[in-house]
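Chain letters run A, B, ... following the sequence lines, proteins first and then strands; every chain starts at 1. None of the values given here were measured: they were computed from a predicted structure.
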Amino acid sequence: MNPLTPSDSSNRRLLVTSALPYANGSIHLGHLVEYIQTDIWVRFHKLMGRECLYVCADDTHGTPIMIRAQREGIPPEELVARMRTEHQRDFAGFNIGFDNYHSTHSPENRALAEEIYLRLRQDGHIRTASVRQAYCEKDGMFLPDRFIRGICPSCGAADQYGDACESCSATYAPTDLKEARCAVCGSSPVARDSDHFFFKLADFETFLKYWIRSGAIQEQMANKLDEWFLAGLKDWDISRDGPYFGFEIPDAPNKFFYVWLDAPIGYMASTRHLCDRTGRDFDEIWRRDDRFEVHHFIGKDIYYFHTLFWPAMLHGAGFRLPTAVHAHGFLTINGQKMSKSRGSFLNARSYLDHLDPEYLRYYYAAKLSSRVEDLDLNLEDFTSRVNSDMVGKVVNIASRTAGFLRNRFGGKLAPVYPEDGGLFDRFVAHGEEIARHYEEREFGKAMGAVMRLAEEANRYVEQQSPWELAKKEGAEAALQASCSVALNLFKVLMTYLKPVLPAMADKVEAFLNVPPLSWENRVAPLADHEIGEFKHLMARVDPKKIEAMLTAARGESPPPPPAPAAAPATQTKGAAKSVEKVKTADSGAAKSAPAAAESHPGGGEIEIPQFSQVDLRVARIVAAESVEGADKLLKLTLDVGALGTRTVFAGIKSAYAPDALAGRLTVVVANLKPRKMKFGLSEGMVLAASGEGVGGLFLLQPDAGAEPGMRIK
RNA sequence: GGCGAGGUAGCUCAGCAGGUUAGAGCGGUGGACUCAUAAUCCUCAGGUCGGGAGUUCGAGUCUCCCCCUCGCUACCA
């Protein structure tokens, strides 16, 4: 038997977690893949009558939180509290049913982090070493790589992070960066030594090698981990110098636990909080492994924290190990990675403002498997799938038969469950297969099985033709019988869908006038029973609302303007590629076919507000010079009046000599997102005309009298 | 550059211990019906299974090479 699917025993007890969302950002649809996946799994186990505890918490520590709080002028505790409220509200909106939601900035977490650390230290798994790091004297703090910006030592690109160049992909130490600056205050950092604490991961190599092949993690993940073993396990730096928002390390003043040290411990802290609240025994869950299963659901991006550090920490500190770590892939939207700049970054809140959460729960369920695969949210597919499966197939069974029972029989089902040729029993029997799919996290297969049954139920109604029976004299019993059968089939299906659609299940329970549906009680058909009034169980997805959601999302972070025809044709290869992606994403989000939109980048109508998003300005070319190493680019220095001076790299060298440009006026896209190019930062785009197959490039120029900085509209 | 995942009908995906005419849902076509949220039921629609080579009596299904997409990573976890 697959170790990931423990044998079914009715007295299974489980603790289940989703990864802790970071308190620095909002919940988005990508996060929700995981929370919905976990929630469905948890609800399934509860539906089966098992004890299943679902805990989570906000992940609150680290430099990004500290700095953001500073910028907002509030204490980090306040920021963290606010984000937690927001997160919990979003989760509630999607019916994520945590049994406990806590915070890593909690006394429980501090106590457990200290306990684990001290235990590891006592057993010799912690060592100290001096580390040289960038230090900002003005801010009085060490700077993580991401908080250092400077010029890439390899290619000279400006404004790069301290660890790697986004322009040329070079990697380096922060100390190699030219003209390094603190990302917070802009001053130059200095190198400074400091003692750090390291967790000696290599002490656990043998144990880990065994554990990752024990069936606790997916094979794909285990394969990837082999790479790390091959490279050799390195000690893990678990301390940070103050100021740092986190927990101070025992016996080490002004040293704090690195955020990733105490984050997974948050699973335990939340458990403890739950136990204290409900009188359960924490030790029974986390200090021994024969009472509870412990399952972590995570994204594939954080697998090494959960499959190397985390089990090693637990093992070293004398706690139990997770029963399993389940990783899922990333979300794409219309085939593309979610992206703020492409306007496809959908927050949980934006979705909830326009659409029913149950749509998304079903759609994700229909596409989720146990494998580590990315999941694509294709919005057209989303609409047709939800509408046809949920409304057309499932809800329809009830909606087409409830009326007869209500109008002709006062809502009464047949006094005895009618002869149905074994249909009901087969529906019940399919529960075993569906349960197995749920258990194995093959939700897509589970949904497929349910839909096949829904089709069968509709076929049954078709064959019985209650609307014919309703017209026939003396066919009352047959009419009542066929509708009773259909509704009983519907009830079984809703039981199967309850983990995915808790809100609809509630409505159905009210409609059928029955106690909460459970896996066990699905076997008993309803007879001699009065149902309630049938009301709409689910509205169809309205494509207009999807459009509204996308528009709103774009409004939150305006995308680059639609590619003007005169975009400089010469950019680096990588940059050109990015521009194309932007186009594809935009056309994909619109209702026109992507292929058609791509072949006519200028096609498709837009509204004035969209056009107004492009800030076109008159600019005077103050200076123009050729760029060393670039054969098509000219570096232009532009005077844009009140907007100041801009540097723009334009691909017009083939048509203009630098000397001929100085002093003349032209048009610039002033709000184009600055693009890092190999030769420096380009802060806009000048407009020029060019024709397909026709040579030449013609820079736009306003009539005499225009002044630099004037808005063009 | 390294590693991982993937490229199957218009769309979303199954299939893969190699074996009869490659499947499903949606969309599309034609028909039926009118109870139902223009839902449902029946029928049809024929995609060189990314390209090439190989193994085999026989390959989406195995091997090798190549192309493309996505992601991670780049002696820094």
Touch check for A:Arg371, heavy atoms < 4.0 angstrom, all strands: base, sugar-phosphate only, or nothing? sugar-phosphate

Base, sugar-phosphate, or nothing for A:Ile397, non-hydrogen atoms under 4.0 angstrom? nothing

Who passes ring-ring contact (aromatic ring centres under 6.0 Å, His included) against A:Phe409, sequence neighbours left out?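 Partners of A:Phe409 under the ring-ring contact (aromatic ring centres under 6.0 Å, His included) test: none.
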
Taking protein heavy atoms under 4.0 Å as touching, what does nucleotides 33-38 of chain B look like 5' to 3' if B marks base contact, S marks sugar-phosphate-only contact and - marks none? SSBBB-

Among B:rG71, B:rA5, B:rC26, which nucleotide sits nearest the side chain of A:Glu373?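 Of B:rG71, B:rA5, B:rC26, B:rA5 is nearest to the side chain of A:Glu373.
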
Proximity to the side chain of A:Asp376 - top-ranked nucleotide from B:rU73, B:rC11, B:rC13: B:rC13

With a cut-off of less than 4.0 Å, is there a side-chain N or O of A:Arg459 near OP1 or OP2 of B:rC42?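 Checking A:Arg459 against B:rC42: at least one side-chain N or O falls below 4.0 Å of OP1 or OP2.
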
RNA chain B: A:Lys367 or A:Ser388, which has the more 5' nearest nucleotide? A:Lys367

Tell me which of A:Asp381 and A:Lys300 sits closer to the 5' end of RNA chain B, going by the nucleotide each one is nearest to.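 Its nearest nucleotide lies further toward 5', so the answer is A:Asp381.
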
Among A:Phe204, A:Phe207, A:Phe197, find the one that has a ring-ring contact (aromatic ring centres under 6.0 Å, His included) with A:His125.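 By the ring-ring contact (aromatic ring centres under 6.0 Å, His included) criterion, A:His125 pairs with just one of A:Phe204, A:Phe207, A:Phe197: A:Phe204.
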
Please give, in whole Å, the distance from B:rC70 C1' to A:Leu331 CG?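 Computing the A:Leu331:CG to B:rC70:C1' distance gives 13 Å.
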
In residues 475-494 of chain A, which residues come under 4.0 Å of RNA chain B by heavy atom?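 The stretch gives none, as no residue of it lies under 4.0 Å from the strand.
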
